[in-house]
2 protein chains.
Amino acid sequence: MSDVGASNLTERCRLAGLRITGPRKAILKVLEDSSDHPDVEELHRRVKRVHPGINIATVYRTLNVLSEHDLIERHSFDDGRTRYETIPEEHHDHFIDIDTGEVVEFVSEEIEAMQEEIARRHGFEIVSHRLDIFVRRRDP
Amino acid sequence: MSDVGASNLTERCRLAGLRITGPRKAILKVLEDSSDHPDVEELHRRVKRVHPGINIATVYRTLNVLSEHDLIERHSFDDGRTRYETIPEEHHDHFIDIDTGEVVEFVSEEIEAMQEEIARRHGFEIVSHRLDIFVRRRDP
DNA sequence: CTCTAGTTGCGAATGATTTGCAACTGGCAT
DNA sequence: ATGCCAGTTGCAAATCATTCGCAACTAGAG
């Protein structure tokens, strides 16, 4: 019962009609085990540890399929490459430390609520959003 | 006094120590005249109308120089290409209509304030941020 | 007017991501 | 179990956005 989450993403893939192949199992496992926001190259590196033969094109293709099915989330901060994370239980936003590149997640009900409010005023319905705050550590 | 803004960006370039060349004049003019958020290819297209011979590499280089000097702002929504806009008088965030691709700007003091608050709680100092809200028009 | 560091055009190089294609393989239907 | 076949994979080549090397220019300081 410790890795309930493990079957979760795989199960959702199955429900989405995706075939659970060897390479995919490996990719899904790595995604589930990653609590950070790795880019494709890093994911490929991690996946190779459990499924050595895998080609990076497969990683790209799988990530695309997964994100098209809303099973993972794609981010583009500002470093040129795309980064991924599993869809979090509850939505969150990001602090990006511009000195270290570290990513910290946070949630704010108030901000979310205010977004809804503003969107409504503009006649929009929110589909999704992203809030990335670029920060640096306060001088101690 | 109608196009005060026109000499503005050019002037700021001069102050930043940049040489105002023919190609640059053209690029600056296009940037000033653009109220949308064009990508490099689109900017190149527009610049060619006023300075036909210009190479896209020049556009790239100039945009990089400008944004390094904080004279324009670079955005990466989710379509893979980078888009630019002149630095707005006051900061704003974006609604992106996922059906049409249209970008609408908005400001919210409250959200800004709330971000400061949250960052402080996390021991961060905000350098900048971006809030992109992906929306669709409310059914009438 | 001269000189030179900053700029430009061009084409080739890069880096990230996609695609064509032939060989495989899950997993539903026998 | 067994066979079938659309979905998937590996590989290499292709594509896309962006950068770079370099020789030829040119603002604009002196």
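Just so we're on the same page: letters track the sequence lines, and every chain starts at 1. Predicted model only: the values in this text are computed from it and were never measured.
Atom CD1 in Ile54(A) sits roughly 11 Å away from atom C1' in dT8(D) (whole-Å rounding). Atoms CZ (Arg24(A)) and C1' (dT9(D)) sit 9 Å apart, rounded to a whole Å. Look at OH on Tyr60(B): it is 16 Å from C1' on dG11(C), rounded to the nearest Å. Atom P of nucleotide dG9(C) and atom NE2 of His51(B) are separated by 5 Å, given to the nearest angstrom. Atom CZ of Arg14(B) and atom P of dA29(D) are 9 Å apart (whole Å). To the nearest angstrom, P of dT18(C) lies 11 Å from CD1 of Ile56(A). Distance CG (Leu43(B)) to C1' (dA17(D)): 14 Å, rounded to an integer number of Å. The nearest whole Å value for the distance from the CG atom in Leu63(B) to the C1' atom in dA17(D) is 13 Å.
Put simply, Asn55(B) has a side-chain N or O that comes within less than 4.0 Å of OP1 or OP2 on dC10(C). Considering only side-chain N and O atoms, Asn64(B) lies nowhere under 4.0 angstrom from the phosphate OP1 or OP2 of dT18(D). OP1 or OP2 of dT7(C) has not a single side-chain nitrogen or oxygen of Arg19(B) nearer than 4.0 Å. Between Thr62(B) and the phosphate of dT8(C), there is a side-chain N or O to OP1/OP2 separation shorter than 4.0 Å.
Taking the centre of each ring, Phe106(A) and His94(A) stay at or above the 6.0 Å mark. The ring of His129(A) has its center no closer than 6.0 angstrom to the ring center of Phe134(B).
Remark: Arg45(B) does not engage Glu41(B) in a salt bridge, criterion side-chain N to carboxylate O under 4.0 Å.
The nucleotide whose nearest atom lies closest to any side-chain atom of Ala57(B) is, among dG9(C), dC20(D), dG10(D), dC20(D). Side-chain atoms of Thr21(A) lie closest to dT8(D) of the nucleotides dA16(C), dG10(D), dT8(D). Set against dT9(D), dT18(D), dG9(C), the side chain of Thr82(B) has dT18(D) as its closest nucleotide.
Arg61(B) contributes a side-chain N or O that forms a donor-acceptor pair with the base of dG9(C) under 3.5 Å.
Annotation: side chain of Ile20(B) is in contact with side chain of Lys25(B) (closest heavy-atom distance under 4.5 Å). For the pair Asp39(B)/Thr82(B), no side-chain contact is recorded, criterion being any heavy-atom separation below 4.5 Å from C-beta on.
Summary of the strand contacts: Gly22(A) and Leu18(B) both lie near DNA chain C, and taking for each the nucleotide with the nearest heavy atom, the more 5' one is attributed to Leu18(B).
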